[in-house]
There are 2 protein chains.
Amino acid sequence: MNIGEASAASGVSAKMIRYYEQIGLIGPASRTMSGYRVYSGNDVHTLRFVRRARDLGFSVAQMTELLTLWRDRGRASSDVKRIAEGHVAALERKMMELQQMADTLKHLASNCHGDGRPDCPIIGELAGEDCGKHVTPGPHAHLGKGFEVLR
Amino acid sequence: MNIGEASAASGVSAKMIRYYEQIGLIGPASRTMSGYRVYSGNDVHTLRFVRRARDLGFSVAQMTELLTLWRDRGRASSDVKRIAEGHVAALERKMMELQQMADTLKHLASNCHGDGRPDCPIIGELAGEDCGKHVTPGPHAHLGKGFEVLR
DNA sequence: CTTGACCTTCCCATCTTTGGAAACCCTAGA
DNA sequence: TCTAGGGTTTCCAAAGATGGGAAGGTCAAG
């Protein structure tokens, strides 16, 4: 099976398969005499594992850990659970961050006429116009570097 | 006011101020004879605008639009509202995506012993083991390229 | 004048994914 | 057998926003 077939069978693009090999997430594929990569059913299994983990938002680093645990017959499920729960926490942190942005914007937009007139609380807020009630008190600016999640 | 002071006054790092100038989000700053960038109170006002928009998750492209509208005294608030609501929609799409990942993972984790034993539904799901009830039916893989939101 | 803090530009790294170019390989049809 | 097309290889670059650092110039205080 060459890389195109492996890609179709796993749902991982050929580009990404090469990339994953390059960065060491997956081992180097064996080659034909002419240099074409060759994949086995087992390789496709691994690629599917990677795609599912990717779909769940795991980073390459986390996938490396997960792949190692997957291959380790003597693994402790607590190790897997720890990674998963850490990721869930990161997802929830990110969601809260987005929620806060969305809430602020929705509030501002709800007070915006949205017609031909130029007055707009959204622009006003961004410009820092103190017009009485403030929507963003501020404390969500330095939310830290919780960017482990999401591309 | 030099770039360090403008940075402190606006909350935008000096690095980012230079970057925003380079990509054309903000106009080139005037310079002293020795080449130091010089900022006015007005410039700081603009930088604050940019920081607030950034904190709300707007992309550079969107900030460009917003800055243009801000400067346009004859703007229609509907234009601003449209951008804001589009961004809210993107935020909500992204949140739903994350929620789906988190839900799947939480479900899997709740069924994981999390002890020293190797059995683990999380690894099982990633490996594609069909063990009766499936948690991820699948239809959230090709969620599209909704990556306009978030860094 | 020296020192330390600041500024300048330039390059690199992050992280995942996509795109392209140039060259090579394989297979089917003429 | 030759050729056309599609698949494959590698390498380079881009994207988004931000951080880090090096090498060298500048400024203000002592």
Side-chain angles (χ1 to χ4, degrees), chain A residues 1-26 28-39 47 50-51 53-64 87 90 94 97 101 141-151, chain B residues 1-26 28-39 47 50-64 87 90-91 94 97 101 141-151:
Chain A
M1 198 184 323
N2 61 25
I3 200 172
E5 299 170 293
S7 169
S10 67
V12 181
S13 74
K15 282 272 192 196
M16 290 312 296
I17 295 177
R18 294 193 197 96
Y19 171 71
Y20 289 147
E21 176 181 325
Q22 186 201 324
I23 64 174
L25 174 63
I26 60 180
S30 53
R31 305 278 186 137
T32 64
M33 273 172 299
S34 57
Y36 278 28
R37 287 177 179 80
V38 176
Y39 296 89
L47 287 171
V50 167
R51 181 182 56 70
R54 203 73 206 78
D55 287 346
L56 286 172
F58 286 106
S59 68
V60 167
Q62 288 170 316
M63 287 195 289
T64 303
H87 184 44
K94 182 55 79 182
E97 204 179 324
M101 295 177 185
H142 282 276
L143 271 184
K145 330 211 157 180
F147 293 146
E148 312 81 21
V149 146
L150 280 206
R151 354 202 169 181
Chain B
M1 197 185 323
N2 60 26
I3 200 172
E5 298 170 293
S7 167
S10 66
V12 181
S13 74
K15 280 274 191 195
M16 288 314 295
I17 295 177
R18 294 193 197 97
Y19 171 70
Y20 289 147
E21 176 180 326
Q22 187 201 322
I23 64 174
L25 174 62
I26 60 181
S30 53
R31 304 279 186 135
T32 65
M33 271 172 301
S34 57
Y36 279 28
R37 286 177 179 80
V38 176
Y39 296 89
L47 287 171
V50 167
R51 182 182 57 70
R52 292 204 184 87
R54 202 74 206 76
D55 287 345
L56 285 173
F58 285 106
S59 69
V60 168
Q62 289 170 316
M63 288 194 288
T64 302
H87 184 42
L91 288 166
K94 181 55 81 181
E97 202 179 325
M101 294 178 186
H142 281 275
L143 272 184
K145 328 213 159 178
F147 293 147
E148 312 80 20
V149 145
L150 278 207
R151 354 203 166 180

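Convention: sequence-line order gives letters A, B, ...; per-chain numbering from 1.
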Please give, in whole Å, the distance from D:dG16 P to B:Leu25 CG?
12 Å
Report the distance from atom CZ of A:Arg51 to atom C1' of C:dT17, rounded to the nearest whole Å.
16 Å
B:Lys15 NZ to D:dA22 P, straight-line distance once rounded to whole Å:
11 Å
Whole angstrom is fine here: how far is it from CD in A:Gln22 over to C1' in D:dT10?
10 Å
Does the side chain of A:Tyr20 get closer than 4.0 angstrom to OP1 or OP2 of C:dT16 through an N or O atom?
no
Using a cut-off of strictly less than 4.0 Å, decide whether A:Ser13 has a side-chain nitrogen or oxygen near OP1 or OP2 of C:dT18.
yes
To the nearest angstrom, how far is B:Tyr19 atom OH from C:dT9 atom C1'?
17 Å
Check whether any side-chain N or O of A:Arg54 sits under 4.0 Å from OP1 or OP2 of C:dT17, and answer yes or no.
yes
Should B:Leu25 and B:Tyr19 be marked as a side-chain contact (heavy atoms from CB on, under 4.5 Å) after you check the CA-CA gap, both sets of side-chain angles, and the distance that decides it?
CA-CA 9 Å; B:Leu25 174 62; B:Tyr19 171 70; over 6 Å; no
To the nearest angstrom, how far is B:Phe58 atom CZ from D:dA17 atom C1'?
17 Å
Give the nucleotide from the list D:dT8, C:dT9, D:dT18 with an atom nearest to the side chain of A:Asn2.
D:dT8
What is the separation between atom CD1 on B:Ile3 and atom C1' on C:dA5, rounded to the nearest whole Å?
15 Å
Under 4.0 angstrom between B:Arg31 side-chain N/O and C:dT9 OP1 or OP2
yes
Considering heavy-atom distances to DNA chain C, does A:Ile23 or B:Glu5 have its closest nucleotide positioned more toward the 5' end?
B:Glu5
So for B:Tyr36 and C:dC6, does any side-chain atom that can act as donor or acceptor lie under 3.5 Å from a complementary atom in the base?
yes
Could you state the atom-to-atom distance from CD of B:Glu21 to P of D:dT18 in whole Å?
16 Å
Would you give the length of the straight line joining atom CD1 of A:Ile26 to atom CG of A:Leu47, rounded to the nearest 0.5 angstrom?
5.0 Å
Base, sugar-phosphate, or nothing for A:Arg37, non-hydrogen atoms under 4.0 angstrom?
sugar-phosphate
Map B:Ser34 and A:Thr32 onto DNA chain C by nearest heavy atom, then report which one ends up closer to the 5' terminus.
B:Ser34
Atom pair CD1 (B:Ile3) and CE (B:Met16), whose distance is rounded to the nearest 0.5 Å
11.0 Å
First locate atom OG1 of B:Thr32, then atom CG of B:Asn2, and finally report the distance between them rounded to the nearest 0.5 Å.
9.0 Å
Taking only Lys NZ, Arg NE, NH1 and NH2, and the carboxylate oxygens of Asp or Glu, determine whether A:Lys94 and A:Glu97 approach each other closer than 4.0 Å.
yes
